[in-house]
Q: 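This is the structure, below, for whatever I ask next.
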Amino acid sequence: MNQTSNEKVVQWLRTAIAAEKEALINYLDLAAQTKDTSGKNMFINLARDEFGHMNSLEKELAAVQSDQKWVPAGAEQSLIEKIVPSLKNTGHIFQGSQGDIKTNILIMARDGEKKALIFYEEMAQQMTDPSAQSLLKRLSRMEQAHYEILQAEIDYLNKTGFWMGFKEISLETT
């Protein structure tokens, strides 16, 4: 990497680390405010994922700053990524009342995840190093899983008739 591209990578890594740290703090705050145990656990797991993202990015920053190669991304799924597919078959996370979690807070969190996944996708396209691309694509997929779980909760709270992108059906007649 030349000096200019190295400085650019250091800059966006610092930006990404700051964003992951902010998301981590926000999810821990939301967990503290949530009375519903399953909702609280979802926010804690989201925070845990963000902490992992932050750690991965910090390792990359240290490597880039010392002119080392990128560290290959791990392939193991996060807990959220494991949960999202199973939720399509089982139902929503929050068991509490609609008033327990404000939809607008979930929307802000969802929108933050969308911005993060777009950021990582764009950075992956700019990288020529396969390990860098792999890490960024991995982070994007993890943010996509966060986006989907938050959207599912928004749909549930708003009673849109959709869950995890699927139209819910009712066997009840009116």
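The basis for the numbers below is simple: all heavy atoms, side chains too, and nothing from hydrogens, waters or symmetry mates. Each residue takes its place number in the sequence, starting with 1.
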Q: Side chain to side chain contact (heavy atoms under 4.5 Å, CB included), that's the test. Do Glu20 and Asn55 meet it? Break it down for me.
A: CA-CA 9 Å; Glu20 295 295 344; Asn55 279 340; over 6 Å; no
Q: Just checking Glu22: does its CD atom have more than 12 heavy atoms from other residues, nucleotides or ligands closer to it than 6.0 angstrom?
A: no
Q: Can a donor-acceptor pair be found between the side chains of Gln144 and Glu148 at a distance below 3.5 Å?
A: yes
Q: Between CG of Leu28 and CZ of Arg48, what distance do you get to the nearest 0.5 Å?
A: 10.0 Å
Q: Hey, quick one: are Ile149 and Ile44 part of the same hydrophobic cluster, counting side-chain heavy atoms closer than 4.5 Å, chains of contacts allowed?
A: no
Q: Within the 3.5 Å criterion, strictly below it, is a donor on Asp155 or Gln151 matched to an acceptor on the partner's side chain?
A: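 A donor-acceptor contact under 3.5 Å links the two side chains.
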Q: Under 3.5 Å, is there a donor-acceptor pair between the side chain of Ser140 and the main chain of Leu136?
A: no
Q: I would like to know whether Lys137 and Met123 meet side chain to side chain contact (heavy atoms under 4.5 Å, CB included); could you show each step before the answer?
A: CA-CA 9 Å; Lys137 288 177 182 177; Met123 291 298 104; over 6 Å; no
Q: Out of curiosity, Met54 CE to Leu61 CG, how far, rounded to the nearest 0.5 Å?
A: 12.5 Å
Q: Tell me the closest heavy-atom pair linking Leu150 and Glu113, and the distance in Å.
A: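 Closest approach of Leu150 to Glu113: CD1-CG, 3.8 Å.
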Q: Calculate, to the nearest 0.5 Å, the distance between atoms CE and OH belonging to Met142 and Tyr120 respectively.
A: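 OH of Tyr120 is found 10.0 Å from CE of Met142.
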Q: Could you tell me whether the side chain of Thr34 and the main chain of Leu30 form a donor-acceptor pair under 3.5 Å?
A: yes
Q: Do Gln125 and Gln133 come close enough that some side-chain heavy atom pair is under 4.5 Å?
A: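 Gln125 does not reach Gln133 side chain to side chain.
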Q: Give, for atom OG of Ser56 and atom CG of Leu13, the distance between the pair rounded to the nearest 0.5 Å.
A: 11.0 Å
Q: Can you see which heavy atom on Lys40 is nearest to which on Ala31, and at what distance?
A: NZ-O, 2.6 Å
Q: Taking Leu135 as the starting point, is it possible to reach Phe51 by hopping between hydrophobic residues whose side chains are less than 4.5 Å apart?
A: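 Linked within one cluster.
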Q: Hydrophobic clustering (ILVMFWY, side-chain heavy atoms < 4.5 Å, transitive) - are Phe119 and Met127 grouped together?
A: yes
Q: State plainly whether one hydrophobic cluster holds both Leu117 and Leu57, where clusters connect Ile, Leu, Val, Met, Phe, Trp and Tyr through side-chain heavy atoms under 4.5 angstrom apart.
A: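 No; Leu57 is not reachable from Leu117 via cluster members.
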Q: Does the side chain to side chain contact (heavy atoms under 4.5 Å, CB included) test come out yes or no for Glu143 and His53, once each step is laid out?
A: CA-CA 10 Å; Glu143 302 297 4; His53 302 172; 3.1 Å; yes
Q: Within this structure, what is the CG-OH distance for the pair Asp111 and Tyr147, rounded to the nearest 0.5 Å?
A: 7.0 Å
Q: Please evaluate residues Glu153 and Arg110 with respect to the criterion side chain to side chain contact (heavy atoms under 4.5 Å, CB included), reporting the C-alpha separation (whole Å), side-chain torsions for both, the decisive distance (0.1 Å), and the verdict.
A: CA-CA 10 Å; Glu153 291 307 317; Arg110 180 208 58 198; over 6 Å; no
Q: Linking I/L/V/M/F/W/Y whenever any side-chain heavy atoms sit under 4.5 Å apart, do Tyr27 and Ile107 land together?
A: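 Result: yes, single cluster for both.
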